[in-house]
Number of protein chains: 2
Amino acid sequence: MGEGSWFMAEGAPRRQPTLDEVAERAGVSRSVASRALNNAPHVSRAKREAVERAVRQLGYVPNPTARALATRQTGAAALVVSGEDPSIFADPFFAQVIVGASTALEEADLHLMLCLAASDRGRKRVEELFRSKGADGVMLMALREDDPLAGMAEEAEMPVVFGGRPVGSAPRWYVDVDNVGGAREATEYLVARGRTRVAAICGRLDTGAGRARYRGYRDALLAAGLDPLPPQEGDFTEPSGAAAMAALLANHPDLDGVFAANDNMGAGALRTLRAAGRAVPADVAVVGFDDLTVAQVADPPLTTVHQPITALGREMARMLVTLINGHDPTPLILPTRLVTRSSA
Amino acid sequence: MGEGSWFMAEGAPRRQPTLDEVAERAGVSRSVASRALNNAPHVSRAKREAVERAVRQLGYVPNPTARALATRQTGAAALVVSGEDPSIFADPFFAQVIVGASTALEEADLHLMLCLAASDRGRKRVEELFRSKGADGVMLMALREDDPLAGMAEEAEMPVVFGGRPVGSAPRWYVDVDNVGGAREATEYLVARGRTRVAAICGRLDTGAGRARYRGYRDALLAAGLDPLPPQEGDFTEPSGAAAMAALLANHPDLDGVFAANDNMGAGALRTLRAAGRAVPADVAVVGFDDLTVAQVADPPLTTVHQPITALGREMARMLVTLINGHDPTPLILPTRLVTRSSA
DNA sequence: GCTTCCAGTGGGAGCGCTCCCAAGATCAGG
DNA sequence: CCTGATCTTGGGAGCGCTCCCACTGGAAGC
């Protein structure tokens, strides 16, 4: 039970000092104090110092909410991750994006709000965020085809940066990874190693990344004069990769190469292959995508397409900051790079 | 280049409607409109409906900043993750905590602010957050011994909930996992399987979890009349686990069991063991902690101590909400449970 | 019939800050 | 010594909302 309010304050209820009190103590007007604080011009050296002294003595900290109301800037940027259930966020991919975004926002002195738009409730809150301008800008990730978030972003009179390009919409500002190129390179590598019956475990084809990676795989095989197999769809998780591999093995027992659209599914494929007694890479070569920890830990370590995930987050945040500052940045596509380990 | 300001608005510069405009349109006073909006009592049915109609017609959305200023509540809770470099956050553990916290905060209609207090800059911002009451409450995680954040939390006149108990301080409100019990159970299991020379790859001993898990290991061995080995310290990452395992193998070539303080290190140990030609579990049995994806994917799949990570996040958030509402919740310790796979 | 009560209402004073603007101070040039 | 330009200064009007309070009128109680 609460014995009182917050929380049995020992001393006086001690309200935070306000700018007025600072001004009074420094013997200046509130305007001058404000200018001194934001080190704006038109403040004499003497008064500036007086204000600084008063701030120190009073332990004054500006109230961000009041500032936000007056400036009409919240001082926060939101990162919203779409997805029909929150577990999508468990993918370590997002953690790395966050690290990058967080660092960049820190430089611009913006806070990071994280919104998982998984439930209906979550989506509703994101809509409210957009409509009420509850943040200075928004970064949008993991949108699926016909994702309602796309429409909200469209209508919102607010800076919005996309992470990846969702299928079915062409955002004006985005940063993406060269998914097609990466997948193509991975597949070409498989072909170069003499594989001729190469299958794909692709991610959800209603995501931009899923589709682009499948296209890269397909392009590479066609260019090499080989027949692409129909895509075996997973959902980017390890179990789905294992299941897809099992299906593939059943339908195409003679395959000798697999391109998995991410490392989780690649690891799942490895597990199934191991259980099926197929040697990797001797019988079947496997390449993944992402280069997360799981690729290094897998047995055998997974050859994979490295993508600069932290940079993705950082560049999204930087682009957003540019936008917030009223400029018009150009979209960005980050390069990928094949990392060869022992699975192919 | 910015052609104008935000962003070449097609129509009129269209300011957001305010509550006053809603009130005027509905033919009521601002007070009544406000009450209707927050469905407070003392509003006649007719006026309430008039307000709702006006809201709909105008597309009114309340301004959260203004509300925050008036109510002195920000409507946001912060999750602060300490650590000397941001990569600590790449651990999928945190992603799951976030999922849990996010869901619980959503229920209370609070936003989630994420602060990685890795750099000095980051820590400074957290301090400012505390001092300026930039959030209604804070959840603190991954604190190390003598972590400056502990002091800030102490002084802050703000609800603070700890995730785990940092060594060297006894927070009043926390939710933790039964680390000692889990580690004890894991070690007992090893002993029950006939292992007599059991080593520990422990996490950083300046963290609460690292220390508690080592203690559980030690207790179990002592209780069984066996000698604990001196702790081989890692930093919760896969490579550190691999290195620790190598060191262990060099110093105690005859060991037959390993308790790793988390799955990442367990996976690293597995890798080293495999490279050294030791069969798992035949020669050396390995148990991990966490039950993350990596435990399932590892080869062989890792026997590990499951901890309810999402629940941890959720309970932290709930406890924080309770605190914000002026009540005094009791600390919580969540149970763990051994999950046996094939590594032990 | 007269208090008493209370649902319903609107006025107005904040919340703590920014920023425009008018007015005073300072200083140079003529 | 005066004019005008430049630097300083503080007053005051917001930003958009909540909430206290004083006021009304009709229902209830005696």
Side-chain angles (χ1 to χ4, degrees), chain A residues 5 13-52 54-55 58-76 109 128-129 131-136, chain B residues 13-52 54-55 58-76 109 128 131-136:
Chain A
S5 76
R14 180 155 104 235
R15 213 174 32 77
Q16 301 260 46
T18 70
L19 188 53
D20 288 87
E21 296 172 289
V22 170
E24 185 180 352
R25 174 141 200 158
V28 304
S29 74
R30 196 186 37 242
S31 309
V32 170
S34 173
R35 264 175 255 140
L37 233 71
N38 302 306
N39 43 40
H42 304 307
V43 180
S44 67
R45 185 181 172 77
K47 305 232 164 186
R48 196 179 289 274
E49 281 167 0
V51 170
E52 279 162 10
V55 164
L58 261 38
Y60 169 78
V61 189
N63 177 324
T65 306
R67 193 196 296 257
L69 182 58
T71 59
R72 300 141 163 287
Q73 302 226 76
T74 62
D109 211 40
E128 219 171 274
L129 182 78
R131 303 217 311 149
S132 71
K133 298 209 202 319
D136 294 343
Chain B
R14 178 154 107 234
R15 211 175 33 77
Q16 302 260 46
T18 71
L19 187 54
D20 288 87
E21 297 171 292
V22 170
E24 187 180 349
R25 174 143 201 157
V28 303
S29 75
R30 190 171 5 114
S31 308
V32 170
S34 173
R35 264 176 255 139
L37 234 70
N38 302 305
N39 43 41
H42 303 307
V43 179
S44 66
R45 187 180 170 76
K47 304 230 164 183
R48 198 178 288 275
E49 281 167 0
V51 170
E52 279 162 10
V55 164
L58 261 40
Y60 170 78
V61 189
N63 178 324
T65 306
R67 192 196 296 254
L69 182 59
T71 59
R72 299 142 164 287
Q73 302 226 74
T74 62
D109 210 42
E128 221 172 272
R131 304 215 312 146
S132 70
K133 300 210 202 315
D136 295 341

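What you see is a predicted model, and the numbers here were worked out from it, not measured in a lab. Proteins get letters first, then strands, A, B, ... in listed order; numbering begins at 1 in each.
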Exercise for review: For DNA chain D, determine which residues of residues 20-37 of chain A have any heavy atom closer than 4.0 angstrom to one of its atoms, and list them numerically.
Suggested key: A:Val28, A:Ser29, A:Arg30, A:Ser31, A:Val32, A:Arg35

**Study point:** Shortest non-hydrogen separation from A:Thr65 to B:Leu69 and the atoms involved
**Key:** CG2-N, 3.4 Å

Practice item. Take A:Thr18 and A:Asn63, measure what side-chain contact (heavy atoms from CB on, under 4.5 Å) needs, and give me the verdict at the end. Key: CA-CA 8 Å; A:Thr18 70; A:Asn63 177 324; over 6 Å; no

Exercise for review: Would you confirm whether A:Gln16, through its side chain, and B:Arg131, through its main-chain N or O, come within 3.5 Å as a donor-acceptor pair?
Suggested key: yes

**Study point:** Non-hydrogen atoms of B:Pro62 and A:Ser132 that approach each other most closely
**Key:** O-CB, 3.6 Å

Exercise for review: Under the side chain to side chain donor-acceptor pair (under 3.5 Å) rule, collect the residues that match up with A:Thr74, sequence neighbours excluded.
Suggested key: A:Asp136

Check your understanding: Taking OP1 and OP2 of D:dC7, is either one under 4.0 Å from a side-chain nitrogen or oxygen of A:Ser44?
Key -> no

Exercise for review: Determine the contact category for A:Pro62: base if any of its heavy atoms lies under 4.0 Å from a base atom, sugar-phosphate if only primed atoms, P, OP1 or OP2 are that close, otherwise nothing.
Suggested key: sugar-phosphate

**Study point:** Global bending angle along the helix from C:dG1-D:dC30 to C:dG30-D:dC1, which compares the axes of five pairs at either end, to 10 degrees
**Key:** 40°

Practice item. Please find the earliest and latest nucleotides of DNA chain C, in the 5' to 3' direction, that have an atom within less than 4.0 Å of any heavy atom of chain A. Key: C:dG16 to C:dC19

**Study point:** Residue whose closest nucleotide on DNA chain C lies nearer the 5' end, B:His42 versus B:Arg72
**Key:** B:His42

Check your understanding: Taking only residues two or more places apart in sequence or in another chain, which ones pass salt bridge (Lys or Arg N to Asp or Glu O under 4.0 Å) with B:Glu21?
Key -> B:Arg15

Contacts table for residues 23-32 of chain B: side-chain donor-acceptor under 3.5 angstrom, sequence neighbours left out:
residue: B:Arg25; atom: NE; partner: B:Gln57; partner atom: OE1; Å: 2.8
residue: B:Arg25; atom: NH2; partner: B:Gln57; partner atom: OE1; Å: 3.2
residue: B:Ser29; atom: OG; partner: B:Ser31; partner atom: N; Å: 3.4
residue: B:Ser29; atom: OG; partner: B:Val32; partner atom: N; Å: 3.3
residue: B:Arg30; atom: NE; partner: B:Asp20; partner atom: OD2; Å: 3.0

Considering only distance and modelled atom types, tabulate donor-acceptor pairs under 3.5 Å from the side chains of residues 34-46 of chain A, sequence neighbours left out.
residue: A:Arg35; atom: NH1; partner: A:His42; partner atom: O; Å: 3.2
residue: A:Asn38; atom: OD1; partner: A:Arg67; partner atom: NH1; Å: 2.9
residue: A:Asn38; atom: ND2; partner: A:Ser34; partner atom: O; Å: 2.9
residue: A:Ser44; atom: OG; partner: A:Lys47; partner atom: N; Å: 3.4

Exercise for review: Quick one: closest heavy-atom pair of A:Leu19 and A:Tyr60, and the distance?
Suggested key: N-CE1, 3.5 Å

